[in-house]
Amino acid sequence: MATPHLITTHRIAEATAPVGRSFTIINTLKLDAKTELDALERGLLAPAASIPPKFFYDAIGSTLYNAIVLTPEYYPTRTEAAIFEKYRSEIAAVIGTGKQFVDLGSGDSVKAEAWFARLKPSRYVAVDISETAAQEALARLAGNADAPELAGLITDFSRVLDVTSVMSKEPTLFVYPGSSIGNFLPDEALWFLKQIRAHCETAGSGLLIGVDAKKDATRLDAAYDDALGVTAAFNLNTLRHVNQLLGTDFNVRDWQHRGFYNVALGRIEMHVEARCDVTVRIRGAARRFTRGERIHTENSYKYSPAQFRAILLEAGFTEPQLWQDEQKDFNVFYAKA
């Protein structure tokens with residue numbers, strides 16, 4: 001997903017876990033509030049209005065997302081987890097042990113920790129936009145005497161992936177689970193994968209990545225518009241968040257959630273749609289939305305195995321290997337650098 005601006009100056013913090021193990025977090029992220037809010041304003045005033053998906057994630061949005069992954073309709077998270085659990089030994093045998101583990105979008109690091117026993121990483125690098133999440137995750141991991149060397153990087157890798165400040169010169173496993181690659185436009189996804197490949201300088205490096213598969217539109221529609229309305233609340237909460245940030249006067253009751261699979265483009269689209277003609281104050285401007293007009297909030301591209309294999313190869317990776325669930329709902333690839 002799109003996230004705040006990357007700068008070149010570093011802030012380095014050291015922390016110590018309760019059992020005395022320390023780790024370093026390097027923060028290369030700076031929120032330029034004016035630039036961010038100006039871009040948000042431009043998106044809302046554009047003829048085809050949009051809100052970047054990073055604005056989903058205030059405290060309420062993050063809580064709602066955690067609820068979405070528990071809904072019966074939303075299969076990606078649990079399906080990827082099942083693939084990892086079923087094929088963990090096989091995947092680990094292909095990857096090999098003792099490598100540096102760079103976890104892109106690490107969050108609470110629970111997914112990564114499940115690999116430690118099999119992969120026996122030499123180092124673990126948590127890469128995330130949230131310093132709070134990384135700090136809490138690394139402190140928890142550091143409390144485990146069997147954890148590897150730990151480090152954290154706070155950055156916006158959707159703009160530029162630069163992990164040189166925390167990487168050592170050794171074989172490296174990049175891990176990017178959760179089908180987050182689907183939030184990139186296809187050209188952006190290729191560009192991002194090329195950046196990962198460029199960081200795989202040492203022989204034996206590679207990428208483990210989860211990618212949601214194309215499937216029946218009815219199932220995809222349901223996954224992004226669940227019966228309980230959790231995804232709807234998640235999407236609509238963005239308007240409340242924008243009100244707080246920009247001083248707009250969106251009335252959430254004037255809008256409804258739209259989440260659907262665009263078959264022609266191979267992607268889920270999320271929008272908020274005006275229920276009636278409505279005028280919204282956006283800083284000093286008045287923006288009129290007609291009934292049925294939409295504000296685009298997110299894309300999530302789906303890929304067939306052949307499509308994503310071709311992208312990996314074009315990015316410079318070799319020998320992509322694939323694991324899937326029985327229904328072929330989800331793809332897990334490991335590709336060598």
| Is the ring centre of Trp115 less than 6.0 Å from the ring centre of Phe84? | yes
| query | Should the pair Phe157 and Tyr176 be assigned to parallel (<30°), tilted (30 to 60°) or perpendicular (>60°) ring geometry? | reply | perpendicular
| message | Would a single hydrophobic cluster contain both Val252 and Leu246, if residues Ile, Leu, Val, Met, Phe, Trp and Tyr are joined by side-chain heavy-atom contacts under 4.5 Å? | response | yes
| said: Checking Val175 against Val102 for the side-chain contact (heavy atoms from CB on, under 4.5 Å) test, could you report, in this order, the C-alpha distance in whole Å, the side-chain angles of both residues, the deciding distance, and whether it holds? | reply: CA-CA 6 Å; Val175 180; Val102 178; over 6 Å; no
| task | Examine the side chains of Asn235 and Thr297 and answer whether a donor and an acceptor come within less than 3.5 Å of each other. | result | yes
| Counting heavy atoms not belonging to Glu326, are there more than 12 under 6.0 Å from its CD? | no
| task | Might you work through the side-chain contact (heavy atoms from CB on, under 4.5 Å) test for Asn299 and Leu185, ending with a clear yes or no? | result | CA-CA 8 Å; Asn299 294 318; Leu185 296 172; 4.1 Å; yes
| query | side-chain contact (heavy atoms from CB on, under 4.5 Å) with His241: which of Asn243, Leu245, Leu239? | reply | Leu245
| Exercise: do Tyr75 and Lys215 side chains pair donor with acceptor under 3.5 Å | yes
| Under the criterion salt bridge (Lys or Arg N to Asp or Glu O under 4.0 Å), which of Arg281, Arg283, Lys34 is the partner of Glu41? | Arg283
| task | Could you point out which residue of Asp216, Asp329, Asp212 forms a salt bridge (Lys or Arg N to Asp or Glu O under 4.0 Å) with Lys302? | result | Asp212
| field | Pairs satisfying side chain to side chain donor-acceptor pair (under 3.5 Å), at least one member in residues 193-205, at least two apart | value | Lys169-Glu201
| request: Determine whether the side chains of Lys111 and Ser109 contain a donor N or O and an acceptor N or O closer than 3.5 Å. | output: no
| task | Report the C-alpha distance between Phe333 and Phe308 in whole Å, list the side-chain angles of each, state the deciding distance to 0.1 Å, and finish with yes or no for side-chain contact (heavy atoms from CB on, under 4.5 Å). | result | CA-CA 9 Å; Phe333 284 94; Phe308 202 77; 3.8 Å; yes
| field | Residue Arg288 excluded, over 12 heavy atoms near CZ under 6.0 Å | value | yes
| Using 30° and 60° as the class limits, which term best fits the ring planes of Tyr74 and Tyr224: parallel, tilted or perpendicular? | perpendicular
| field | Over-ring placement of Arg287 relative to Phe289, 6.0 Å and 45° cut-offs | value | yes
| So Phe192 and Phe184, would you call those rings parallel, tilted or perpendicular, with 30° and 60° as cut-offs? | parallel
| query | Using the benzene-type ring in the case of Trp, are the ring centres of Phe234 and Tyr57 under 6.0 Å apart? | reply | yes
